[in-house]
Amino acid sequence: MTSLPPGFYALPLPILQLSLAAVLKCGQSFRWSAYPLQVKSEDPSMPTHEYRFCLRDRVVCLRQTPTDILYRTALPEPQPSATQQKLHEAETLLWLKDYFQLAIDLKLLYNDWGSRDKVFLSIKERFSGIRMLRQDPWETLISFICSSNNNISRITKMVQNLSKEYSPPLLSLPVPDGSGIEETYHPFPPPSALAKPDVSSRLRSLGFGYRAEFIHQTAKMLVDSHHGGKTHPQESSEPSELWLLTLRGYTTENARTELLTFRGVGRKVSDCILLMSLDKTDVVPVDTHVHQIAIKHYGMKGSAKGKTNMTPKLYEEVCTKFVQVWGQYAGWAHSVLFTSDLKSFALHGLPEASDPPTIQKGRNKRERDQDEITATTNAEGSASPAERVKKRARKRRTSPE
DNA sequence: GGCTGACCCTTC
DNA sequence: AAGGGTCAGC
């Protein structure tokens with residue numbers, strides 16, 4: 001790196017430790033914008049994209065080279081002095097280290113997972129730099145309520161609409177491709193904004209479907225039980241947001257129990273929140289897709305084509321299996337497999353298991369032979385004795401009060 | 001307890 | 001017609 005783009009600072013970081021392109025658009029966070037940059041040369045050390053994320057008080061802009069993360073902080077008017085700007089950049093750097101969990105050595109984890117599991121070994125070189133983000137629990141809660149029965153592109157639109165509708169614009173910036181077009185950025189709205197009376201009907205008209213009520217009820221529940229409204233303009237978190245943050249100090253089981261009290265939050269969504277915002281590194285959220293991976297490559301029971309009903313019992317079995325295979329950071333490993341399968345999915349069409357030709361978009365056989373996940377079933381029957389399924393009573397209201 | 005259908009909306 | 005689930009009702 002000889003010269004930095006104007007306003008940017010460099011944080012040295014091998015690309016093996018973090019791939020922004022892979023991590024920011026794979027269904028962990030739904031609020032990053034990506035902008036292609038004009039690349040004049042084919043110099044592979046030049047960034048191809050800029051990524052932006054709106055925090056409560058600033059917009060963080062990132063680019064990546066093979067050796068560095070380039071970062072820049074955009075602040076609302078009035079323009080700060082040079083020294084003020086520097087202070088903000090220092091804060092942004094701290095945020096980056098926390099948000100991307102840079103103290104965790106991903107290379108070490110990849111090696112560990114690869115030594116434990118040959119399926120992982122077969123894909124690790126091709127899908128490097130995929131790590132878990134440490135997101136804000138409130139934003140993660142609402143985002144993943146949106147995720148039920150849904151796909152990444154629609155979830156992304158919904159979360160953007162939510163921010164646009166329920167939090168005021170923070171600032172505008174020209175998009176980095178030089179077209180001169182400006183884009184306006186909104187922070188994620190606080191709980192009090194989504195707890196207001198007519199939120200659910202508005203969300204419905206914005207295309208949230210049945211999730212509209214879930215979001216409203218969840219926000220209201222939080223605000224009501226934590227003395228919640230906001231009294232001061234902005235800048236600070238609301239009590240319920242701070243309370244959600246304290247779940248990081250709970251055991252996984254206790255934190256999950258709390259999460260399950262919210263409307264629209266079942267086992268899968270709660271596990272996403274635990275893994276992606278509450279430091280529960282071994283939690284593996286099991287959706288139908290992950291279940292399919294477990295069947296195809298890890299010898300779990302269930303028909304690979306027909307849809308097996310995901311019962312709580314089966315869910316636990318799949319979870320347990322992955323923790324056995326990958327260990328303490330199973331949830332992190334799962335996201336690598338999940339991402340690799342997403343890509344191979346986009347590339348090769350539906351996964352198949354045995355004989356019946358799943359009619360689907362032409363291609364199959366030939367390309368599947370070079371499919372992303374190729375290793376044999378690292379089977380070994382599901383021999384897991386100890387399974388204290390510590391069932392906790394779900395304290396969910398049956399009727400609104 | 002475990003199983004079923006409904007639920008919004010988008011897309012293969 | 002089914003999807004990266006959850007809820008209510010048997």
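Throughout, a chain's letter reflects where its sequence line sits, starting with A, and its residues are numbered from 1. Computed from heavy atoms alone, side chains included, the values below leave out hydrogens, waters and symmetry copies.
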Query raised in the report: Salt bridge between A/Arg58 and A/Glu91, side-chain N to carboxylate O under 4.0 Å?
Result: yes
Report summary line: Which of A/Pro36, A/Pro176, A/Ser33 passes side-chain contact (heavy atoms from CB on, under 4.5 Å) with A/His49? Answer is A/Pro36
Report summary line: From CG of A/Leu259 across to C1' of C/dC7 the rounded distance in Å is 17 Å
**Report entry** A/Ile152 CD1 to C/dG3 P, straight-line distance once rounded to whole Å
**Finding:** 16 Å
Requested in this report: Output the distance between atom CG (A/Leu337) and atom CD1 (A/Ile293), rounded to the nearest 0.5 Å.
Outcome: 5.5 Å
Using the 3.5 Å cut-off, write out each protein N or O paired with an N or O of nucleotides 3-6 of chain B and the distance between them.
from  : atom 1 : to       : atom 2 : distance (Å)
B/dT4 : OP2    : A/Asn309 : ND2    : 3.0

Report task. Could you tell me the separation between the CD atom of A/Glu316 and the P atom of B/dG2, rounded to a whole number of Å? Result -> 11 Å
Requested in this report: Whole angstrom is fine here: how far is it from CG in A/Asn151 over to C1' in C/dG5?
Outcome: 13 Å
Query - Parallel, tilted or perpendicular: rings of A/Phe322 and A/Trp326 (30°, 60°) - result: parallel
Report task. Quick one: list whatever passes salt bridge (Lys or Arg N to Asp or Glu O under 4.0 Å) with A/Arg154, sequence neighbours left out. Result -> none
Query raised in the report: Okay, side chain of A/Arg267, backbone of A/Pro312: is any donor-acceptor separation there less than 3.5 Å?
Result: no
**Report entry** Pairwise P distance for B/dC8 and C/dG9, with rounding to whole Å
**Finding:** 15 Å
Report task. Using whole Å, report how far CD1 of A/Ile145 lies from C1' of C/dC7. Result -> 13 Å
Would you be so kind as to tabulate the donor-acceptor pairs closer than 3.5 Å made by side chains of residues 97-104 of chain A, with sequence neighbours excluded?
from     : atom 1 : to       : atom 2 : distance (Å)
A/Asp98  : OD1    : A/Arg134 : NH1    : 2.7
A/Tyr99  : OH     : A/Trp32  : NE1    : 2.9
A/Gln101 : NE2    : A/Met132 : O      : 3.1

Report task. Using atom CE of A/Met221 as one end and atom C1' of C/dC7 as the other, report the distance to the nearest whole Å. Result -> 13 Å
Report task. Please state the P separation for the pair B/dG2 and C/dG4 - nearest whole angstrom. Result -> 25 Å
Report task. Report the distance from atom NE2 of A/His289 to atom P of C/dG5, rounded to the nearest whole Å. Result -> 11 Å
**Report entry** A/Ile15 backbone acceptor or donor facing A/Ser19 side chain under 3.5 Å
**Finding:** no
Report summary line: Which of C/dG4, B/dG2, B/dT10 is nearest the side chain of A/Arg154? It is B/dT10
Query raised in the report: In chain order, what residues pass the salt bridge (Lys or Arg N to Asp or Glu O under 4.0 Å) check against A/Arg248, with sequence neighbours excluded?
Result: none
**Report entry** Contacting residues from residues 208-216 of chain A, given that a heavy atom lies under 4.0 angstrom of DNA chain B
**Finding:** A/Gly209, A/Tyr210, A/Arg211
Query raised in the report: Going from CG on A/Asp68 to CZ on A/Arg63, what distance comes out if it is rounded to the nearest 0.5 angstrom?
Result: 13.5 Å
Query - Bracket notation of DNA chain B in which parentheses pair within the strand, [ ] cross earlier pairs, and | pairs with another strand (Watson-Crick or G-U, under 3.5 Å) - result: .||||||.|||.
Query - Ring center gap for A/Phe214 and A/Phe262 short of 6.0 angstrom - result: no
Report summary line: A/Lys268 NZ to C/dG5 C1', in whole Å, measures 8 Å
Query raised in the report: Is there a donor N/O on one and an acceptor N/O on the other, under 3.5 Å, for the side chain of A/Arg204 and the base of B/dC9?
Result: no
Query raised in the report: Between A/Thr246 (side chain) and A/Trp243 (backbone), is there a donor-acceptor pair under 3.5 Å?
Result: yes
Report summary line: Ranking A/Lys157 and A/Ser148 by the position along DNA chain B of their nearest nucleotide, the one closer to 5' is A/Ser148
